[in-house]
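Single-structure report; data block below.
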Amino acid sequence: MRASSQDAALYRRELARLTSSSGYMLNAGLGLVFELVLAVLAIVKRQELLAALTAIPDLREAAAPILLLACMMVSGMVFFTASSVSLEGKYYWIVRSMPVKSEKILQAKLNLSNSLSAGPALLMMLAAALALQLPAAETVLLLACQLLFVLLTANVGLVEDLRHCNLDWINETQAAKQGAGVVLTMLIVWGFVLAVGAVYFALLAIVLTTPVFLALVLALLAALYALTQRWLATRGVRRFESIR
């Protein structure tokens with residue numbers, strides 16, 4: 001019960017920090033708006049999307065991989081964790097003085113990001129998959145890939161903010177928009193999406209079926225997520241405790 005109360009209190013603290021800063025909300029969460037808009041457009045423009053797929057047979061065969069890459073690119077614009085440590089600023093000592101394990105503090109930052117990011121990302125993917133009338137197996141794999149990508153993006157953001165933390169900002173925009181953690185997170189996440197897309201269209205589209213490709217992406221995302229979780233639980237905690 002005590003651990004649960006601590007987790008809830010830390011979550012509320014992170015949420016209060018987010019809602020107290022319009023710059024933080026805008027820069028880190030603008031992608032959520034795009035996801036919701038695209039979900040609506042996928043439903044409204046369903047007939048046009050289906051007509052495009054029918055007119056181009058090759059596009060129909062690659063519909064699921066293209067949808068995955070597009071949705072991951074949009075979700076890569078959501079990065080609450082990429083500045084969450086830096087935004088502690090001059091109040092960082094308060095965080096460090098709390099009688100709470102560092103692991104819980106970092107997890108609270110991840111929990112806030114994931115709770116806000118997962119829903120819109122999955123809704124966007126589901127709406128698009130249903131609009132394109134993709135097979136159920138492919139839809140399930142797409143949703144699983146999308147969820148893991150959201151979780152991985154949050155991890156990468158926290159990793160980069162810990163590695164390049166800046167507590168000496170004067171204006172919050174410096175941390176929330178121009179911080180090294182934010183820039184590097186965007187480059188890494190979008191670079192990953194572009195790399196997967198390049199490999200697929202150059203090689204895998206020729207030899208792999210769509211379900212196999214999606215399963216491979218899912219396995220890759222799971223491996224990267226596990227690696228970043230391990231880093232945060234070990235070196236990440238030590239880094240958080242040594243920041244001055």
> Stepwise, does the side chain to side chain donor-acceptor pair (under 3.5 Å) test hold for Q146 with S75?
Replying inline: CA-CA 8 Å; Q146 183 73 348; S75 295; 2.8 Å; yes
> Quick one: do M186 and M77 end up in the same hydrophobic cluster if we chain Ile, Leu, Val, Met, Phe, Trp and Tyr together by side-chain heavy atoms under 4.5 Å apart?
Replying inline: yes
>> If the condition is side-chain hydrogen bond (donor to acceptor under 3.5 Å, both in side chains), which residues does S115 pass it with, not counting sequence neighbours?
In response: Y11
> If you group Ile, Leu, Val, Met, Phe, Trp and Tyr by side-chain heavy-atom gaps below 4.5 Å, do V193 and V199 land in one group?
Replying inline: yes
>> Parallel, tilted or perpendicular, judged at 30° and 60°: which one describes the rings of F192 and F149?
In response: parallel
> Would R239 and R163 satisfy side-chain contact (heavy atoms from CB on, under 4.5 Å), going step by step from the backbone distance to the final call?
Replying inline: CA-CA 7 Å; R239 174 61 181 159; R163 292 179 64 238; 5.6 Å; no
> Side-chain contact, heavy-atom cut-off 4.5 Å: L110 with L232?
Replying inline: yes
> Does T210 have any side-chain hydrogen bond (donor to acceptor under 3.5 Å, both in side chains) partners at least two apart in sequence or in another chain, and if so, which?
Replying inline: none
> In chain order, what residues pass the side-chain hydrogen bond (donor to acceptor under 3.5 Å, both in side chains) check against E241, with sequence neighbours excluded?
Replying inline: S102
> What closest approach, in Å, do C145 and V217 show between heavy atoms, and which atom pair accounts for it?
Replying inline: SG-CG1, 4.2 Å
>> Y24: which residues meet the ring-ring contact (aromatic ring centres under 6.0 Å, His included) condition with it, sequence neighbours left out?
In response: none
> Less than 4.5 Å apart, any side-chain heavy atom of L10 and any of V100?
Replying inline: yes
> When Ile, Leu, Val, Met, Phe, Trp and Tyr are grouped by side-chain heavy atoms lying under 4.5 Å apart, directly or through other members, which residues fall in the same group as V40?
Replying inline: V44
> Quick one: CD on Q107 to CG on D7, what's the gap to the nearest 0.5 Å?
Replying inline: 8.0 Å
> Do the side chains of R46 and Q133 get nearer than 4.5 Å, heavy atoms only?
Replying inline: yes
> In a check of side chain to side chain contact (heavy atoms under 4.5 Å, CB included) between F213 and each of V207, L218, L141, V196, which one passes?
Replying inline: V196
> Of T185, T228, V150, which meets side chain to side chain contact (heavy atoms under 4.5 Å, CB included) against N155?
Replying inline: T228
> How long is the span from the CG atom in N166 to the OG atom in S86, to the nearest 0.5 Å?
Replying inline: 6.0 Å
>> The test is side chain to side chain donor-acceptor pair (under 3.5 Å); show your working for S83 and D161 and say whether it passes.
In response: CA-CA 6 Å; S83 57; D161 195 29; 5.8 Å; no
>> Could you go through L67 and L134, starting from their C-alpha distance and side-chain angles, then the distance that decides it, and tell me whether this counts as side-chain contact (heavy atoms from CB on, under 4.5 Å)?
In response: CA-CA 10 Å; L67 176 59; L134 297 180; 3.9 Å; yes
> Are L214 and V140 grouped together when hydrophobic residues (ILVMFWY) are joined by side-chain heavy atoms under 4.5 angstrom apart?
Replying inline: no
>> Using the rule that Ile, Leu, Val, Met, Phe, Trp and Tyr join whenever any side-chain heavy atoms are under 4.5 Å apart, tell me whether L36 and L126 fall into a single cluster.
In response: no
>> Return the CG to OG1 distance between L221 and T153, rounded to the nearest 0.5 Å.
In response: 9.0 Å
>> Once rounded to the nearest 0.5 Å, what's the spacing between atom CG of L41 and atom CD of E48?
In response: 10.5 Å
>> Between R17 (side chain only) and L87 (backbone N and O only), is there a donor and an acceptor less than 3.5 Å apart?
In response: yes
> Are F79 and L26 linked, directly or through other ILVMFWY residues, by side chains that come within less than 4.5 angstrom of each other?
Replying inline: yes
> With a 4.5 Å heavy-atom cut-off, do L32 and F80 have their side chains touching?
Replying inline: yes
> Considering residues at least two apart in sequence or located in another chain, which fulfil the side-chain hydrogen bond (donor to acceptor under 3.5 Å, both in side chains) criterion with N114?
Replying inline: none
> Is L147 close to M125 at the side-chain level, that is, under 4.5 Å between some pair of heavy atoms?
Replying inline: no
> Under 4.0 Å between a Lys/Arg side-chain N and an Asp/Glu carboxylate O for E88 and R13?
Replying inline: yes
>> Taking L18's backbone N and O only, do any of them form a donor-acceptor pair with S21's side chain (distance below 3.5 Å, no angle check)?
In response: no
>> Is the shortest side-chain heavy-atom distance between V159 and W231 below 4.5 Å?
In response: yes
> Can you tell me how far the CD atom of Q229 sits from the OG1 atom of T234, to the nearest 0.5 Å?
Replying inline: 10.5 Å
> Would K90 and L167 satisfy side-chain contact (heavy atoms from CB on, under 4.5 Å), going step by step from the backbone distance to the final call?
Replying inline: CA-CA 6 Å; K90 62 183 180 180; L167 301 175; over 6 Å; no
>> To check you understand the geometry: which heavy-atom pair defines the closest contact between L158 and T81, and what is its length?
In response: N-OG1, 3.3 Å
> Do you know which two heavy atoms are closest between I105 and F240, and how far apart they sit?
Replying inline: CG2-CZ, 3.8 Å
>> Tell me the closest heavy-atom pair linking L142 and A64, and the distance in Å.
In response: CD2-O, 3.5 Å
>> On a heavy-atom basis, which atom in W190 and which in M73 lie closest, and how many Å separate them?
In response: NE1-O, 3.1 Å
>> Please find the pair of heavy atoms, one from G31 and one from V74, that lie closest to each other, and give the distance.
In response: O-CG1, 4.3 Å
> When rounded to the nearest 0.5 angstrom, what is the spacing between CG in L123 and CG in L143?
Replying inline: 10.0 Å
